[in-house]
Structures are given as structure tokens and as C-alpha cells.
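Proteins come first, then strands; the chains are lettered A, B, ... in the order of their sequence lines, and each starts at number 1. What you see is a predicted model, and the numbers here were worked out from it, not measured in a lab.
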Amino acid sequence: MKISFRINQKDVSLDLDPMRRLIDVIREDLGYTGTKESCGEGECGACTILLDGFPVTSCLLNAIHAQGKQIHTAEYLAKTEKGKLLIDCFDETNAVQCGFCFPGFFVSSYHYLLNDGEPNLEKIKYALSGNICRCTGYTKIFEAILLACDRIKKQV
Amino acid sequence: MSSARKFDARPKVAGTYRFLDDYNNIEMMHGLLFYARFDHGIISKIHLPPDFNLNEFTIVHASDIPGQNLVPEPVADQPFMADKEVIHFGQIILGIAHHDKKTLKDFSEQIQVEYQKQPATTDIKQCLEDEKNCFGKEILINHNFTPKSDPGCTYLHKVYYTPHQEQAYLETQGMIAIYDDQKKSMFIQGTMQCPYFVKEAVETIMGSAIRQVIVETSEGIGGAFGGKEDFPNIIAGIAALLSYKSGKPVKIVLDRSDDIIITTKRHPARIEIESWTDRISGKIRKLTVDYRLDAGAYQTLSPVVLARGVLHSFGTYNIEEAQIRGRLFRSNTPPNGAFRGFGAPQAIFAIESHIDHIARELGIDLADIRRINLLRKGDEMPTTQIIQEDHIKECLETVISWSDYYNKKARFEEFNHTHSDKKGIGLAIGFHGGGYTGNGEKILKSEVKITIDKDELVKIYVANTDMGQGAYTTLAQIVSEALSYPLSKTIVEIPNTDKAPNSGPTVASRTIYIVGALLQNLAYKINAEIPDNNLSSYIKNHPGQFPREWKLQFQPDPDIRFDDNTYQGTAYKDYSWAACVVEIYYHCQIYQIEVKNIWNVLDIGRPVNRKIAEGQVEGGNIQAMGYALTEFFYKPGFGRMHGFTDYILPTAFDIPEINIEFINTSSPIAKGLGEIPMDYPAPAILNAAQHALGRNFYELPLTPENIFQVLKSSHNTKIAQEDN
Ligand code: FES
Ligand code: FES
């Protein structure tokens, strides 16, 4: 079946089994390997992407769910202004350990920054509640996002 | 103490850093490990599904192995693949490869194994009770122990249990094998901690069928925590065999449920402690520890875990008479393996909980009982090692005052009088020996290499991997500081067994402590050879002398001796020390413990990179919190866990405030750090729960179900009553 969508600002149209997992389409068919698979059952958030601007776990979606939609992955968001600012903050706080969970955390926190952005720890925890990290103990991830929120506040 | 940034942070966030599954090529076949799914039986026939074109598949079985079907380990008793007999659920029977992942999965799901069922031991607690399940070599330490009882003493006899713990690295295990028929060589790339272990494993399974094995890690290693110490040997071996048979590159990446079911976990333990404590002074006169680990179906590296567990089981206490026994038990479950702490978290959980029970029994405060019994400078451990420093005392006193322990304790008790929800405060101390146990480093003889190119790049070659702990950044920092050379021009090369000497495995909190120290010495040696002490200008002025290479090998200290039979001597040259206070809030309606605050005071010597060190403590604390509250692998009547839906890991909502202080930071030595933050929080959480609820607990994890059981029954005091 022909499935057409826009990913990282590029239009694509692919002949796909509509039930193929969206994560496989993104990683294997399109080569955006920044989207990671860890649990494959919607628990860990490593595969988080933005679907029409909303964070979703791509391992639970099928190709058909992308029909006519906009997808953004970590690779693209990393090049945006807010994305760069967020990466600076992850870097400065030494928040990153193995990094396998990070593209997912990045997408979730980017969405938070864009849509709320209040430097409020409880809200940030809520925004990250769909992402699991086994290395960091989360503390420095919170620190990084709080820092990013503060910086964006100062910009406006 | 600097906090240099990690060079790999940015590409990791942006998703451009490559993990194993991100490596692809058109030729590549996908591989899968087909495992038994029954606990014990003799295979009579394997039925492959009829509706597939078998020519498209490559299938390997034990009978295809050209070399030896035994995984090299401290005890090489485990086959790569079962031949006839299966003795645990996760035992691999076939390796299968196909070009299409989905076809491969469908095919494997329809394979039927016919077998004669045999009796199996799968209830871990029962297994650990029954001495006939004991196997392997027993460890016995006797330190002046006399069995006669002491009339002035309070006798306490308790049994402690800890469950399996899954490493749950976010990147599942995987390997790529590429066989070159012309050269008869095998290239292995993977996510691993110990490239030289993998090399030996592939050489073992392939035997004389190949001439050369080169092992390299993927760029990124998505967490390991011990889980990628020995299991990668099996995956690499089978991937190699599949590539050899098919002539194609083969990539095996486990899916989460296969990974969680078949790979190694932290050993469940049953630890029985008897103590005789002076009623007046609170001094522990005598102690016996019976330390038992469930090894699973094979011994593999369990004897080494047992050794470390035994050597941490007496805690940080000065005990005049001690007898410690360590034994492995066999069950029909997948072999357990390395996990951050390596036997010590179980040991420290038991001894720290026991110290609390003694304190409660005698009506002594938790801090005081520790002060009275603390290992002080000049004291002797049950191994006869003499303690050279008083840092544990400083850790303890600092954490008590910093956390406002006494005031909080009183305030919480007041709160608990008038509320149904409860507050609790707990305290625990711990230690962790750096590097391999006993003579291990002497035998390993690690070697490191540094090269300097014409283009002024200082390159570090080690076999140790960066699995997230920041090793590449920290090691580069050590060399750059020692050479007074810019960090931006100092890099650690991705480990490759063809280029890096064997600097040993990435385990035992040894990467900075042992390998870092070797690199530092090598850098000093290079410095001494550079006349005017300015490397940059020297390279510019003498381009003809470069590239150049330097190597250095570990030299054991001849004064350090350890007897592998009696366990007497210096088990570890340097110990890291720590003390911790934990505050909890107990939600009575849902029987749930919430950890609110953790204070850590640690002596890890010199933290090379403060922020990286903090990250290790935070991560270790939260793994320990999971160990204490939610994580377990088997549930009687429910079976095993299958993924992150039923194996419950801490998430953002569960994270307490974590406070960290390092002492002794001007020490010249950077001691072990990776494991100690995992060792002590679980008993601190347990004794905070005892403080909050006024009940005794002896077992992890403190899930709502388990707390409910304890609160509803009086059985928890039964053992004590029987013995008194
Ligand atoms: S891989 Fe999709 S949520 Fe874990
Ligand atoms: S950094 Fe390793 S899982 Fe998050």
C-alpha cells in the first residue's frame, strides 16, 4: 500500500505493508537511526518521535498511522534553535551517560520546551514520565531541562 | 577536580552516535537465538516449520561447532548451545539467520522441540534452603572463631533474602560477525564490556576453522552494568558460527523479551547471620555469615561473584571473631552473572540490615551501633588485612550532620504518632574493594598503549569500553592532565583487539583505578622522555620522531599478598568507603514506600571528573532504589518477567533528591567508583522502612504486596523467638 507522509521536512511516499511498525519504517526504510528501540512495547520512550507535533512511541504505531502526517525525529530537532539550546544544556550538565535513551528524552523535552517551558520540576517529571533511563538516575536530566527553560525565558 | 564535558554527549542526544543496531549493510543477514523455553529435559527431536523455504535460512546447532562447545569463563561449564540436554529455560538450542527479520521471527515461533521432561529446581528460595543443591568450591574464612557462647552477649540469628535483578541496559545485547573466507578471519563488532573475553570465546567455538579473530566495539554501548561482561561471549560465538556457515555478515540483536529472559542477572542470595553482641557496650564480639548465591544452571563466573560477596559480607566493622562461609547453589534457571556490585550489594544489604536489628534489639541508636563497631585505622579485617585509613568514620559523621539525621529522626517519630502515613529515616554504610579480587590483577597483567602522531594527536589504546560511565572522557582527561596537553587533542580509540593491548575487562570498578593509573604512569614516562617538558612544541620541532608508541604493563606490588585458599591477606589494595542517609514517606493506603531524599558521602579518593562521578552516584543510587522497592524477576505462581511492562524500573516520578559529597578528594589515587553507589542504599531504605513502620523486614524488594504481607503477619519475628 502507498503510504505518504512528511518526515523531517521531507515528503516521502513508500510502498509498505500498512501494519509494518512505524519504528522500522523510520529506522530501516528511511535510515533515521536516531530513533532507538529498547523495549518494543511502549514502556521506555526510546523510540519517541513527534507525530504532528505530539510525542508518541513509534514502536507501538504502524506505518498506516503516518499516512498524511508530519514526523520529526531527534536528528531534525537537533538542528533547530531550541533543539540546539537543549543539547547545550544536556552537555553542560554532563547529563548524558550511555545515551541510548537520550534521543527519546530529547524529543519529549523538546516538546515540553515548545509547548510549556515553565522551569517547574513537577511538570518536567510529568513530561518525561514516558521515558526510562537506566544510567543517569534522571537528576541531571531534570537539571538540564530546568536550565534550558530558564535560558529560553531569558531570551524572550 | 575538573568537570570536562563528555565528547560524546552531543551526538548521543541528536541520535547520530552509532549503537550496534545502527550498523547495516545490504548483505547482512539477521540472526536469532532460539532457546529452549522449558526448564529441564532431554531433546528428542526438533521440528522445523514446514511452510518456509529452508534454503533461505542458515541454521546452526551444537553439532556444527568446529571448535569447543564450552564458553570460556572462570569455570567453563556452560555450552554455547545445548546438544541433547537442556537444563534451563533460556538455554540456546539453535542459531538461525535470514535476510528478513520478520520471516526469521515467524519461522522461529513455529519451531517445535520434542523433549522428555526432567525434574527441575526453579523455586529459588527453596533451592537456596536445600544444601544438596550446593555445587562448586566452598569458601571458608575463619578468623579466631570459637564456637563457645558468651554469657554477656545478646545472640541474634537472622536470614536475609535478595532477589534477581535485571541490568535493564536500554540497548539490548547484540553482535555482528563478518567472516572473511579468503583470510579465514572473523571480525566481530558488538556492544560489550570485555573485547578480549569475546575474542577468546570466538576462538574457542571456531577452533582451527579460522585463523584470526578481531573484536571491536560499536561506537556507542547503550549501558551494560555487568550484563555485557560474559553473555556477549555466547552471542558473538553463535553469530560467528552463522557467518562462517552462511558466508554472509550476520547481525544478532536481541529483542527485549529474549534479552530479559535469557541473559544473566544479579544472583539471588540467602544470607544467614548469627551475632553475639555485648549487652553493655554494644560491641559485636562474634559473627558468623553463611552466604549463599543461586548461580543458576551453570557456575560460569559465579565463583568470582561469590568471592567478592564473601569478602564484603562482614561489612565495615571490626569483629574479633568471625566465621564466614560462601557457597554456590544450582537451580534450573539461566546462569546469573555480573551486575554492578558483583556480590557486594547482597552482602552489604544483609550485614547492614543485621546491624540495625542488633541496634533495635539492644535499644541502641543506628548511628551509635555503627560508631561502636566501626573498622578503624589499624584494625584487622577477618582476612587479616590491616585498615590504613579512617575515612569510613569521616563519611559516617559527615552524612549524619549534613542530613540532620538526629533532628529528622525525632521529628519523624512525632509525625508518625499523629498520622497514618509514616515517615522514616535510615542509615547505611558500605565499602567496595577496587579492581579484581585477590591475585586477579597480578594474573591479568593489564597493558596500555599511547601513540603520538605527526598531526599532534595523542591516542590512547585500551580494551576498556565506555558503556556510558564516561570512561573515554575520564581516561583522556587523566592522560591530558599528566602530559599537560590539550584534552581536545587527546582521544581514546574505540577498543579493537587488533590495535589495543589487553588492558583487561571493563569490570570491578577498575577502569579508572587500575587502567587510569597505568595510563597516568605511562604519560609521566612520556613526559620524562620529552626534554623541555613541552610536548606540543617538541612534536612541532621534531616531526621526524613521530609517530611514536609507548606501552606500559601493570606491575604488582610485591608486598601485597592474598591466599586464594584461606582467603587471608590483602583482598583489595584500596577500598572506597561510603555512608548514606535515606528519608522515606510511606503511603499507608497503597502500602507504598516513596524515597524522598538520599544523602551520600563517599571516599573514592580523587574524583577525576566531578560531574561524571556525581552521575555514577546518582545512577547507582537509583538502581539500588529499584532493587530495594520494585525489581524482581520471578514471582511464585506468576512466572518470569518478559519486558519493561512487568519488570518495573524507576521512572522520573520516583526520583528523590540526591545529595552527594566526596571526601578525601586531594588523595593522589582515583579509587573505584562505579559500583559502590549501588551497594549501600538498599539497606538504608530497608531500615528507613523499619523506622517508619516499626516492623522488621528481612527481604527485598519492599513492594506493596510484600509490605502488606509483613504487616499482616507476625511471622517476621518467628525466627528470633525460636532462637531466644
Ligand atoms: S521502544 Fe518504543 S517505547 Fe520502548
Ligand atoms: S543514559 Fe543510558 S539509559 Fe539513559
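The number of heavy-atom neighbours closer than 6.0 Å to CD of A:Gln70, taken from other residues, nucleotides and ligands shown, is above 12. Residue B:Phe653 qualifies as enclosed at atom CZ: its count of foreign heavy atoms under 6.0 Å is above 12.
Rounding to the nearest 0.5 Å gives a distance of 10.0 Å between CE of A:Met19 and NZ of B:Lys102. Between B:Ile658 atom CD1 and A:Lys140 atom NZ the span is 8.5 Å, to the nearest 0.5 Å. Atom OG1 of residue A:Thr139 and atom CD1 of residue B:Ile660 lie 7.5 Å apart, to the nearest 0.5 angstrom.
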| message | Checking A:Glu41 against B:Arg256 for the salt bridge (Lys or Arg N to Asp or Glu O under 4.0 Å) test, could you report, in this order, the C-alpha distance in whole Å, the side-chain angles of both residues, the deciding distance, and whether it holds? | response | CA-CA 9 Å; A:Glu41 53 187 19; B:Arg256 180 59 60 183; over 6 Å; no

| message | Evaluate B:Asp8 against A:Val96 for side-chain contact (heavy atoms from CB on, under 4.5 Å), listing each step before the verdict. | response | CA-CA 9 Å; B:Asp8 53 0; A:Val96 185; 5.9 Å; no

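Closest heavy-atom contact between A:Asn94 and B:Ser3: ND2-O, 4.3 Å. Scanning both residues, A:Phe142 and B:Ala652, for their nearest heavy atoms gives CZ-O, 3.7 Å. Here the shortest heavy-atom pairing between B:Gly222 and A:Cys98 reads C-SG, 3.4 Å. The nearest pair of heavy atoms linking A:Ile87 to B:Val13 is CG1-CG1, 3.8 Å. For the residue pair B:Gly223 and A:Cys135, the shortest heavy atom distance occurs at CA-SG, 4.4 Å. Contact detail for B:Gly615 and A:Gln97: the closest heavy-atom pair is O-NE2, 3.0 Å.
Under the 3.5 Å distance criterion, the side-chain polar atoms of A:Arg27 are matched with a main-chain donor or acceptor of B:Asp21. In terms of modelled atom types and a separation under 3.5 Å, the side chain of A:Tyr138 and the main chain of B:Asp654 share no donor-acceptor contact. A donor-acceptor pair is defined here as one N or O able to donate and one able to accept, closer than 3.5 Å; no such pair exists between the side chain of B:Lys611 and the backbone of A:Thr93.
With a 4.5 angstrom heavy-atom cutoff, B:Asp22 touches chain A via backbone and side-chain atoms both. In this structure, no portion of B:Ala224 lies under 4.5 Å from any heavy atom of chain A. Proximity to chain B (any heavy atom under 4.5 Å) is restricted, for A:Glu28, to the side chain, taken from C-beta onward. When heavy atoms are compared at a cutoff of 4.5 Å, A:Lys36 approaches chain B solely by way of its side chain, counted from C-beta outward. For a residue to count as touching a neighbouring chain, one of its non-hydrogen atoms must lie under 4.5 Å from one of that chain's; by this rule B:Gln167 touches chain A with the backbone only. Heavy atoms closer than 4.5 Å to chain A are found in both the backbone and the side chain of B:Phe644.
Ring geometry for B:Phe19 against A:Phe100 counts as perpendicular: the plane angle is over 60°, on a 0 to 90° scale with 30° as the lower cut.
For the salt bridge (Lys or Arg N to Asp or Glu O under 4.0 Å) with A:Asp91, the qualifying choice from B:Arg10, B:Lys6, B:Lys12 is B:Arg10, the only one to do so.
By a heavy-atom distance cut of under 4.5 Å, A:Pro103, A:Phe106, A:Lys125 are the residues of residues 103-125 of chain A near chain B, going up by number.
The most heavy-atom pairs under 4.5 Å with chain A, out of B:Gln623, B:Glu657, B:Gln469, come from B:Gln623. Taking chain B as the reference chain and counting heavy-atom pairs below 4.5 Å, the highest number among A:Gly42, A:Gly137, A:Ser38 is found for A:Ser38. The greatest number of non-hydrogen atom pairs below 4.5 Å with chain B, out of A:Glu92, A:Glu75, A:Arg20, is found for A:Glu92. Among B:Val617, B:Val253, B:Thr651, the residue with the largest count of heavy-atom pairs under 4.5 Å with chain A is B:Thr651.
The side-chain heavy atoms of B:Leu649 and A:Arg134, taken from C-beta on, include a pair separated by under 4.5 Å.
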